[in-house]
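Below, chain A is the first sequence line, B the second, and so on; all start at residue 1.
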Amino acid sequence: MEFLRKIEEKWQKRWEKAKIFEADPDPRKPKYFITVAYPYPNSPQHIGHARTYTLADVHARYMRMRGYNVLLPMAFHYTGTPVLAMSKRLAENDKDLINDFINVYKVPKEKLKEFTDPLAMAKYFHKEIKEGMKRIGYSIDWRREFTTIDPNYSRFIEWQFEKLRQKGYITRGSHPVGWCPKDGNPVGQHDTVGDVEPEIGEFTLIKFKKDTIVFPTATLRPETVFGVTNLWINPQATYVRAKVDNEEWIISQESVEKLRHQNRKVHVLETFQGKKLVGTIVENPATKTKIMVLPADFADPKNATGVVMSVPSHAPYDYVALENIKKEHAKLKEYGLNPEKIGQIQPISLIAVPGYSEIPAADAVKKRKITEQTDPKLEDATKEVYRHEFHNGKMKPNTGKYSGMPVAQAKEKVKQDLIAEGKAATMYELVNKPVKCRCGTECIVKIFQDQWFIDYGKQEWKTLTHKCLDKMEILPEELRAEFEYVVDWLHEKACARKSGMGTRLPWDKEWIIESLSDSTIYMAYYTIARHLKEHKIKPEQLTDQVFDYIFLGKGNINEIAEKANLNVEVLEKMRQEFLYFYPLDSRHSGRDLIHNHLTFMIFNHTAIFPEKLWPRQIVTNGSVMMEGVKMSKSFGNIIPLREGLEKFGADPIRLSVLSTAELLQDAEFNPSIAKSMIDKLEKLYKSAIQTAKIKTTESKQKLAEQFDAIDKWMLSRLQKHIIDATEAMEKMSVRKAIHSILYELDQDTQWYQKRIANRKNKENVKNYVLRRVLEAQVLMLTPVAPHICEEIWKILEKKGFISTSPWPKPDPTEMDIKAEENEEFLINLLEDTENIIKVTKAKPKKIFYYVAAPWKWKIYLKALEKSTQGKIELKELIQEVSKKERTKATAKFALKTIEQIKTIPEKRKQNVLKIGAIDERETIENAKEFLSRRLKAEIIVYNEKDKEIYDPKRKAAIATPLRPAIYIE
RNA sequence: GCGGGGGUGUCCGAGUCUGGUCAAAGGAGACAGGCUUAGGACCUGUUGCCGUAGGGCUGCGUGGGUUCAAACCCCACCCCCCGCACCA
C-alpha cells in the first residue's frame, strides 16, 4: 500500500509539472470536450461521488490516448441554500451536525467556528474536494477553475437569463410550496427533519351550506359528492366561524393560518368547540339534499379545513365511523340526536366497480375485519378502494350528467364544474404530513406570489429540445426513453428564490437565481475562464455584447471591444477558443440528474446556442452502495474520498468504483473489494518486473518464424481482447473493458504460461509474447489506473508518459483463427478426457486418442458448407467419399453429422470452413507434453485408419472430426 | 397512477440486443488435497441430480406461444427497486 501511494504522488507531480492535462486549442488535433456536473461544496466528497468523476476522467484519459485534444475542466457550485442552512444549524449548535463534521468529515474543531460564515464553509470544502480530485489523479485542466459566485460568472448568468427572457421563456405566477411559517422560507427535502420531501396535494373544498354559512368540506375525491350522507367534524377540536374573503366559513382553528398563507383573507368571528356543530343541517350543493353534521374522532382538524364530507359507500373511514356512531345511542342522545333517525342513514352507492358490491368500502372493511375508526388498516382499505374505483369505476345513473363516465375523468370534471359554479374552492395541503422543518416547526403550504419561472412547458421549446435529444448519444441508451419522457413532462420551473448564494435576477434584484437554473450552460464558460483570469478581466467589462460576440458571433468586434474596454485580440481569442472546444462532446453525471439538471441543460442549450453547438452526448451512472445501502450523507454510511484514498490508494478506488457495475446499475463498494484491487495491481506490478527483466533483441520477424501454435494463439487472443476492450470503452462500458483487460486477458496469459511451462529453447519467444501482452494490457488499463501504469511503463523502459501514449490497435494479421480453433480443440479434448476419468474413477497410465479418418472430414466439411447455404442432402454428402471407400458406416456417419451440425453456431461454422480440416494428430502431438503432464499419463495418438493400431475396446471407429475417440487404460 | 430499470445456481453476478459451442463466465462461500511450525496467505480440484467412457435428467420470476432448437424472441401475469421537482 505504501509503495502504491508513493507511486501515485510521484506521477501526479510529474503530470503537473509537464502540464499534460492543460488543453489549449490546437487546430492540428481533433478536440474532445468533457464535463462533469460540478460539485456542491457543503461537505467533502465521498466514494459515492467518486464514481461519476472517475468515469468522466477515464473517458477523458481514454479519448486522450485515442489522439484527441481533450479538455476536462472543473468548477464549484456555491449557489443555493444548503450551505446557508448548515451554517445556521452549526451556529445553533446542532449536535448531530457537529458530530458529522468532526467524526465523519474530519473537520478540525477550531475550523468549525469559522463555519458560521457560510462562505467560509463553502471555501473549506471547495479546497477539500479539490485536493481529493488531485489525489485521485483526475486529468483536469485546473487553469479554468471558477465558482458560481465569482462576479464574472454572475455576469455570464445574467447574460443567459436576459437571453431566456428575450426568447419569452421566462414567466411569472403563483405557485404552492412547502413552507416553514417560523423561518419564512420554502422547505425542500434537505430542510426537514428526517429529510422528507413535503408532498403537496390539492384538496377540493365543497361548499355545503346552512343558509349563508359555508361548511367547506375538504376532499381528494370530489366525484363522490353525490354519495354524501352526512358531514363529519371532530367534536373535541376547536372550530371557528370566520369571514373568508367574501363568505362566512366554518373551519378548524388550525386551518386559519393555512388559508391565509394561501392568499385568502381570513377574519375570525367566533371560536367554539366542534361538538357545537353536531346536528346542524346543511345542504349538499350538488344534489340539494339536506344532511346532518355528525361527530367523528378520525376527522383531523389539522388536515385542510377539518370539515369532512361522509361517503360511507366509497370511503372506508366514513363507513366505519357511521357504523360506530349508529351503535352509540348514549352518545347520540348526549348530542340531542335521535338514534333511530341516525340508524336509518344508509350508504349511497354512486360508483360501479367490477369485483365489488354496491358498497365497496364495506367490502374492503370487512375483508380486513376493521371495526374501529381509529384502526390503521383503514389507510390500506382506502387505498385499495381508491385504486380500483379510480381505474375501473364508472359513475352510476344517480350522478346526473356524469352518469357512465369513468371515475378518473369524472373526478376532474366534477371538480371543475363545481368550482365554475362557485360551489367549491381548492386548498393545498401536505399529504404526507406532519412534515417538520429542522427548526421544529410544522410545515404548511404557502402559495408563493409572483414567482419567476423558466417555462419548460413551451411547446416550440420542447420541439427544439427533442430535436437535440434525437441527435445526442445517450449512454446507457436504455435511458433515452426516460429523457424523452422528462422533456415532455417538464413545465414551469421556479428559477429564483429569495435567499442563498448566487446571481440576482438582472431585472428583479430581490430574487436570486437558484442552483438548478444557473448551471445549465456553464460548460461554455470553461472555454473562456482561463482568459478571464489571465487578463484580469473585470465583470463590468463583460457586457452582454461581449458575451453575444464570444458565444454567438454577433456584432462588430472592434466596437464591442472598445465599448467594453477590452483588448480586441483577447476578445477574439475567447471567441476562437469557444468555437474550438464547443460543442460539448460529453456530459457526465449521476443518473438522478436526468429529471432536472441534464434535461435543463439540453433545453437551455437549444434556447441559446445555434444547432451546431448543441451538446452531443450524455453519460449517466448509478450510485455506489455500501453493503447494499446507497452511500449517502442521509444514510450516514459514507467514506469520505480523502479518507478512502489514504486507506486504499487512488488506483484501487478508481478500479473499485468502476469495475463492479455497468453504468445503469448501482455499484457496490466495500473495503474487501478495494483490497482485492490492491492485490490485483500488486500482482500485475510484480509480473511486470519479471517480464521487464529479460529483453529480446531479435526482430519480430525472426521471432515469428519460431512461433508455435500456442504463441500464435496468445497473440490472437490479445487482439480479441483489444477489440473487446475498445468496443466497451466506446460505449463507456468500463466494467466490461476492465474485465476484458484485467481478468480475461490474465486468464489467457495464465493458460499460455501453463501450456509452455516445460517448453525449452524458446525463452526469447515467450518473453516477446509476454511483453507484447503486458504492454497492451498496461496501455489499456491506463485510463482506469493511471499511476501504476505509468510506473510499469517506466520499468519497461518506454519513453514519455503512458497517459499520452496511443491506445493499442488490434493487428488483423495476428488474428489467427486456426490457432484459436486448434486450442479450442485441445481444450475440449482435455475436458472430455477428464470427464471420462472422473466418471470411471480410473487412474490412467495410458491414454489413446484416435483421430477421425480423412473421409469423415470430407463429409463433415461438406455438411458444414451445405448447412450455411440451406438444406443438406444425405446423398451429396455420401458422394464426397469415393465409391471404394463407402461402407455402411459412411451413411451412418453422414446422417449423424447432419444432426450434429445443426447445433453449431453460425460463426463457428464459418471459422471451421475457413481453415478446413485441422491436423488433429499433429495438434495433439504438439501438445503431448502438456497433455501428459496435465493428465498424468502417457499419450498415444492414432488415426483411426492406421493399419497398426492398438484399439482393444474398438473405440477408434467412433472418432468424429474435432472429437477424437478416446481410450484409457 | 405515470415513467424507467430489474427478477439467473447457496449467495453476489455475467450472459438476453445478434436463439445453437449454456449445467450457464467470474467471484464469494462450502468441501477435499497440496504448501507450511501455523495460517484468515498461496496453489490444485470438487461444488443441481443421476451415471464405472466423453452421457442423461431437471433448470434461468410464473403461465402460455413461436422454433428443429429459448435464460435469450413474442404475449399475459406476479414481484422488487428508482424518479415524479422548485431541491442539491
Base, sugar-phosphate, or nothing: which does [X] touch, judged by heavy atoms less than 4.0 Å apart?
X: E478(A); value: sugar-phosphate
X: I958(A); value: base
X: P964(A); value: base
X: L516(A); value: base

Check every atom of [options] against the side chain of [X] and return the nucleotide holding the closest atom.
X: W489(A); options: G54(B), A85(B), G83(B); value: A85(B)
X: R934(A); options: A88(B), A85(B), G45(B); value: G45(B)
X: T81(A); options: C43(B), A88(B), A85(B); value: A88(B)
X: L490(A); options: G54(B), A85(B), C43(B); value: A85(B)
X: N596(A); options: A88(B), A85(B), G3(B); value: A88(B)

Can you tell whether the side chains of [X] and [Y] come within less than 4.0 Å, N to carboxylate O?
X: R480(A); Y: E478(A); value: no
X: R954(A); Y: D951(A); value: no
X: E834(A); Y: R934(A); value: yes
X: K675(A); Y: D679(A); value: yes
X: D508(A); Y: R172(A); value: yes

**Message:** Determine whether the aromatic ring centres of residues F76(A) and Y38(A) are separated by less than 6.0 angstrom.
**Reply:** no
**Prompt:** Centres of the Y522(A) and H77(A) rings: under 6.0 Å?
**Reply:** no
Write down the distance separating the [atom1] atoms in [N] and [M], rounded off to the nearest Å.
N: U58(B); M: G9(B); atom1: C1'; result: 12 Å
N: G56(B); M: G19(B); atom1: C1'; result: 23 Å
N: A71(B); M: C60(B); atom1: P; result: 8 Å
N: A28(B); M: G40(B); atom1: C1'; result: 14 Å
N: G61(B); M: C57(B); atom1: C1'; result: 23 Å
N: A14(B); M: G33(B); atom1: C1'; result: 30 Å
N: U37(B); M: A53(B); atom1: P; result: 43 Å
N: G27(B); M: U8(B); atom1: C1'; result: 15 Å

**Request:** Check the pair T79(A) / D518(A) against side chain to side chain donor-acceptor pair (under 3.5 Å), numbers first and verdict last.
**Result:** CA-CA 8 Å; T79(A) 314; D518(A) 82 343; 2.5 Å; yes
**Working for salt bridge (charged side-chain N to carboxylate O under 4.0 Å, His left out), residues D746(A) and K680(A)** = CA-CA 11 Å; D746(A) 265 5; K680(A) 187 84 194 163; 3.0 Å; yes
Within this structure, what is the [atom1]-to-[atom2] distance between [X] and [N], rounded to whole angstrom?
X: D488(A); N: A85(B); atom1: CG; atom2: P; result: 17 Å
X: I837(A); N: G55(B); atom1: CD1; atom2: P; result: 15 Å
X: E202(A); N: A85(B); atom1: CD; atom2: P; result: 14 Å
X: L479(A); N: G5(B); atom1: CG; atom2: P; result: 7 Å
X: F483(A); N: G83(B); atom1: CZ; atom2: C1'; result: 13 Å
X: D679(A); N: C42(B); atom1: CG; atom2: C1'; result: 11 Å
X: I474(A); N: G4(B); atom1: CD1; atom2: P; result: 15 Å
X: L84(A); N: A88(B); atom1: CG; atom2: P; result: 11 Å

**Message:** Run the side chain to side chain contact (heavy atoms under 4.5 Å, CB included) test on I602(A) and V487(A) for me, step by step, so that the C-alpha distance in whole Å, both residues' side-chain angles and the decisive distance to 0.1 Å come before the verdict.
**Reply:** CA-CA 9 Å; I602(A) 308 175; V487(A) 170; 5.6 Å; no
**5′-ward residue of the pair N42(A)/Q750(A) relative to RNA chain B** = Q750(A)
**Asked** Where each residue is assigned the nucleotide of RNA chain B containing its nearest heavy atom, which of E492(A) and K754(A) is assigned the position nearer the 5′ end?
**Response** K754(A)
Without hydrogens or angle criteria, can the side chains of [X] and [Y] be said to hold a donor-acceptor pair below 3.5 Å?
X: W713(A); Y: N822(A); result: no
X: E969(A); Y: Y967(A); result: yes
X: H739(A); Y: D724(A); result: no

Does a nitrogen or oxygen in the side chain of [X] sit under 4.0 Å from OP1 or OP2 of [N]?
X: S517(A); N: C86(B); answer: no
X: R963(A); N: G55(B); answer: yes
X: T833(A); N: G54(B); answer: no

**Item:** Worked verdict on F930(A) versus W751(A) for ring-ring contact (aromatic ring centres under 6.0 Å, His included)
**Value:** CA-CA 11 Å; F930(A) 168 71; W751(A) 177 254; 5.4 Å; yes
**Asked** Considering only heavy atoms and no angle criterion, is a donor-acceptor pair shorter than 3.5 Å present between the side chain of H491(A) and the base of A85(B)?
**Response** yes
**Message:** One character per nucleotide, please: for nucleotides 12-30 of chain B, 5' to 3', B when the base has a protein heavy atom closer than 4.0 Å, S when only the sugar-phosphate does, - otherwise.
**Reply:** --S-----BB----S----
**Complete:** With sugar-phosphate taken as primed atoms, P, OP1 and OP2 and all else as base, the protein-contact string of nucleotides 48-53 of chain B at under 4.0 Å (heavy atoms; B, S, -) is ---BSB
**Item:** Base-paired stems that RNA chain B participates in, counting runs of 3 or more Watson-Crick or G-U pairs under 3.5 Å
**Value:** B:1-7 with B:78-84, B:10-12 with B:26-28, B:29-34 with B:42-47, B:48-50 with B:55-57, B:61-65 with B:73-77
